[in-house]
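Input: a single structure, listed below in structure tokens.
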2 protein chains.
Amino acid sequence: MQKEKVCSKKKCFSPEVIKRLSLYLRDLKNLQEQEVEVISSDEITKMLDISSAQFRKDLSYFGEFGKRGVGYEVSFLIRELEKILGIYRWWDIALVGVGRLGSALLGFSGFPQFKLRITAAFDNDRKKIGKAISGVEVKSLEEMPAVIKKGGIEIGMICVPPQFAQSIAERMVGAGIKSILNFAPVSIKLPAEGIYIANVDMACELQTLVYFLNRRH
Amino acid sequence: MQKEKVCSKKKCFSPEVIKRLSLYLRDLKNLQEQEVEVISSDEITKMLDISSAQFRKDLSYFGEFGKRGVGYEVSFLIRELEKILGIYRWWDIALVGVGRLGSALLGFSGFPQFKLRITAAFDNDRKKIGKAISGVEVKSLEEMPAVIKKGGIEIGMICVPPQFAQSIAERMVGAGIKSILNFAPVSIKLPAEGIYIANVDMACELQTLVYFLNRRH
DNA sequence: GTTTAATTGTTACATTATTCACAATCTATT
DNA sequence: AATAGATTGTGAATAATGTAACAATTAAAC
Ligand SMILES: NC(=O)c1ccc[n+]([C@@H]2O[C@H](COP(=O)([O-])OP(=O)(O)OC[C@H]3O[C@@H](n4cnc5c(N)ncnc54)[C@H](O)[C@@H]3O)[C@@H](O)[C@H]2O)c1
Ligand SMILES: NC(=O)c1ccc[n+]([C@@H]2O[C@H](COP(=O)([O-])OP(=O)(O)OC[C@H]3O[C@@H](n4cnc5c(N)ncnc54)[C@H](O)[C@@H]3O)[C@@H](O)[C@H]2O)c1
């Protein structure tokens, strides 16, 4: 993800704020399932590793959502966060690389809750093209531009081996994709201005754990 | 990951430094494959979205690894980073939840490069127990404590549905696990002091992309 | 209706992280 | 061996981020 500041009606803030907001939303939804109706900033941040002041400040960039002396009404705050984050309509995703990880993501049940859905999947393996995985038909790369344009798809997911990731990113952007979640462990050069790219590198995450394990002694 | 500062011989720094070091290492290895022998801080950081000063400062917490006027010898820097990050021996991982994501991770080829390997996998589904996935035999949860203790495994990966994640985390720690990479989209309360936990929440990553997509207009 | 206890929203402050800027050092060239 | 050009390593300056503290507000108790 790029690091530039971001501005709302109220002030400028870092993209980290958005990541935390979506964590709050996730936990609020879990609370709602447990039929919690009102929660204080103190209680909700106990679960996360975040201070209650941080929580209140994050929200303050967008408005006032709590009641002093009382706390936050869970269902109201969920609705407001959904508005802030843009969860008022479905966001379609195009996935490239229907291998082990790509297939897992196609079957991931955590997306719909946030109005995210993978509606198109592409691969260059003839054996996979035409098959449906979790209800999504795998198409050839040649069909990608048309499908992305027709569906107005703006989000792409890269699940191809690292050596192909850069070229797939470029083809995605060429087809109209505006933001990319990349799972291949390589740095991708943004092929155009105004394209957002976020990377998930699992080995790097583990590396950090290893470092801390290692220095305990 | 916890946010506490960390100290080396030289100074204190944030855990973010470690995450960046492992990104540098990843890209250095790619450069090595392309037979690049020497690289400057300017060049290597062009690929990543990081300033060259940041790169040099990150390294400076651990020593001097470059040659002024010249740059960094790729193979030497790789070896030094590996030492810093603890990649001098194999780190074994125990995975719980051999479903779609768990199976993908078992087959992930990006781990060995960093001396990470999943050596044990557990599930509570009778149909899965006994089968081997990517060469790792799936065992029952009951066997977990013994296997983790016998193998001296210190890293755990949680790939079970969210509602079971907390209890699996507790059982892992009970069995001797010291750090956890959690893929379930829930906040896990650390069951003991000195346990490191890192979370990968893919929906949250996408959420951030959606926010930025949404506010372009 | 006043008091009390709770909890927000926000300003001021403290801490942390990043960038700047340049002396130090290296290599190649003349 | 002196000079020029490149690039590191790092303390100081700047910017960003997080925390603390408290006035403002609410609801419930009396
Ligand atoms: N498996 C995991 O758990 C895991 C974890 C983290 C990261 N990753 C990364 O995700 C990517 C995919 O990993 P995987 O384990 O699913 O690999 P995989 O080999 O199982 O799947 C890769 C898929 O991409 C397809 N493909 C290859 N080149 C292509 C191209 N040019 N265009 C379109 N499709 C193409 C292949 O046909 C295959 O279906 C890799 O970059 C890997 O490093 C995987
Ligand atoms: N599929 C994905 O791409 C994806 C992406 C991000 C996060 N996740 C998260 O990863 C986790 C697993 O997702 P999945 O799609 O692989 O689900 P899945 O249903 O395919 O697999 C879950 C596995 O966990 C096992 N399991 C369930 N309860 C267990 C228990 N108490 N002890 C041991 N094993 C147990 C099941 O038998 C199954 O094999 C979920 O929390 C999910 O939200 C998945």
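Keep in mind the model is a prediction, meaning the values are calculated, not measured. Numbers restart at 1 for each chain; the letters A, B, ... are given by sequence-line order, proteins then strands. Only heavy atoms go into these numbers, but all of them, side chains included; no hydrogens, no water, no symmetry mates.
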Next on the checklist: Apply side-chain hydrogen bond (donor to acceptor under 3.5 Å, both in side chains) to residues B:Gln54 and B:Ser52 and explain how you reach the verdict.
Outcome noted: CA-CA 5 Å; B:Gln54 178 89 78; B:Ser52 66; over 6 Å; no
Next on the checklist: Could you tell me how far apart A:Asp42 (CG) and C:dA6 (P) are, to the nearest whole angstrom?
Outcome noted: 12 Å
Item to check | B:Ile39 CD1 - D:dA6 P separation (whole Å) | outcome: 17 Å
Item to check | Atom-pair distance (CZ on B:Arg68; C1' on D:dT10), nearest Å | outcome: 8 Å
Checklist outcome for this item: Looking only at C:dT10, D:dG18, C:dT7, the nucleotide nearest the A:Ser40 side chain is C:dT7
Checklist entry - What nucleotide, of C:dT10, D:dT8, C:dT19, holds the atom closest to the side chain of A:Arg56? => result C:dT10
Next on the checklist: Given D:dC22, C:dT19, C:dC26, identify the nucleotide with an atom nearest to the side chain of B:Ala53.
Outcome noted: C:dT19
Checklist entry - C:dG9 C1' sits how many Å from A:Phe62 CZ, rounded? => result 15 Å
Checklist entry - Are B:Ser134 and A:Arg100 close enough, and set up right, to give a side-chain hydrogen bond (donor to acceptor under 3.5 Å, both in side chains), and what steps lead you there? => result CA-CA 11 Å; B:Ser134 298; A:Arg100 284 169 297 227; 5.1 Å; no
Checklist entry - Would you call A:Ile158 and A:Phe183 a side-chain contact if the rule is heavy atoms closer than 4.5 Å? => result no
Checklist entry - Hey, does the Lys NZ or Arg CZ of A:Lys29 hover above the aromatic six-ring of A:Phe114, less than 6.0 Å from the centre and inside 45° of the axis? => result yes
Next on the checklist: Rounding to an integer number of Å, can you tell me how far A:Lys46 NZ sits from C:dT7 C1'?
Outcome noted: 13 Å
Checklist outcome for this item: When every non-hydrogen atom of B:Met144 is compared with those of B:Phe122, the smallest separation belongs to CA-CE2, 3.5 Å
Item to check | DNA chain D: 5'-proximal contact among A:Val70 and A:Glu16 (nearest heavy atom) | outcome: A:Glu16
Checklist entry - Does a nitrogen or oxygen in the side chain of A:Ser41 sit under 4.0 Å from OP1 or OP2 of C:dT7? => result no
Item to check | Interatomic distance, A:Glu64 CD vs C:dT11 P [rounded to whole Å] | outcome: 11 Å
Checklist entry - Where along residues 26-33 of chain A does a heavy atom fall under 4.0 Å from DNA chain D? => result none
Next on the checklist: Just the rounded figure in Å: distance from C1' of C:dT16 to CZ of B:Arg20.
Outcome noted: 12 Å
Checklist entry - Quick one: is C:dT18 close enough that its OP1 or OP2 comes under 4.0 Å of any side-chain N or O from B:Ser51? => result no
Next on the checklist: Minimum heavy-atom separation for B:Ile180 and B:Ile177, please, with both atom names.
Outcome noted: CG1-CG2, 3.8 Å
Checklist outcome for this item: The answer to which of A:Tyr72 and B:Gln54 contacts DNA chain C further toward the 5' end, by nearest nucleotide, is A:Tyr72
Checklist entry - If you find the nucleotide of DNA chain D closest to B:Lys67 and the one closest to A:Asp58, which residue's nucleotide is nearer the 5' end? => result B:Lys67
Next on the checklist: Counting only side-chain nitrogens and oxygens, does B:Ser14 get under 4.0 Å of the OP1 or OP2 atom of C:dA17?
Outcome noted: yes
Item to check | Rounded distance in Å - CD (B:Glu73) to P (D:dA6) | outcome: 22 Å
Next on the checklist: Under the ring-ring contact (aromatic ring centres under 6.0 Å, His included) test against A:Tyr24, which residue among A:Tyr72, A:Phe62, A:Phe65, A:Phe55 passes?
Outcome noted: A:Phe55
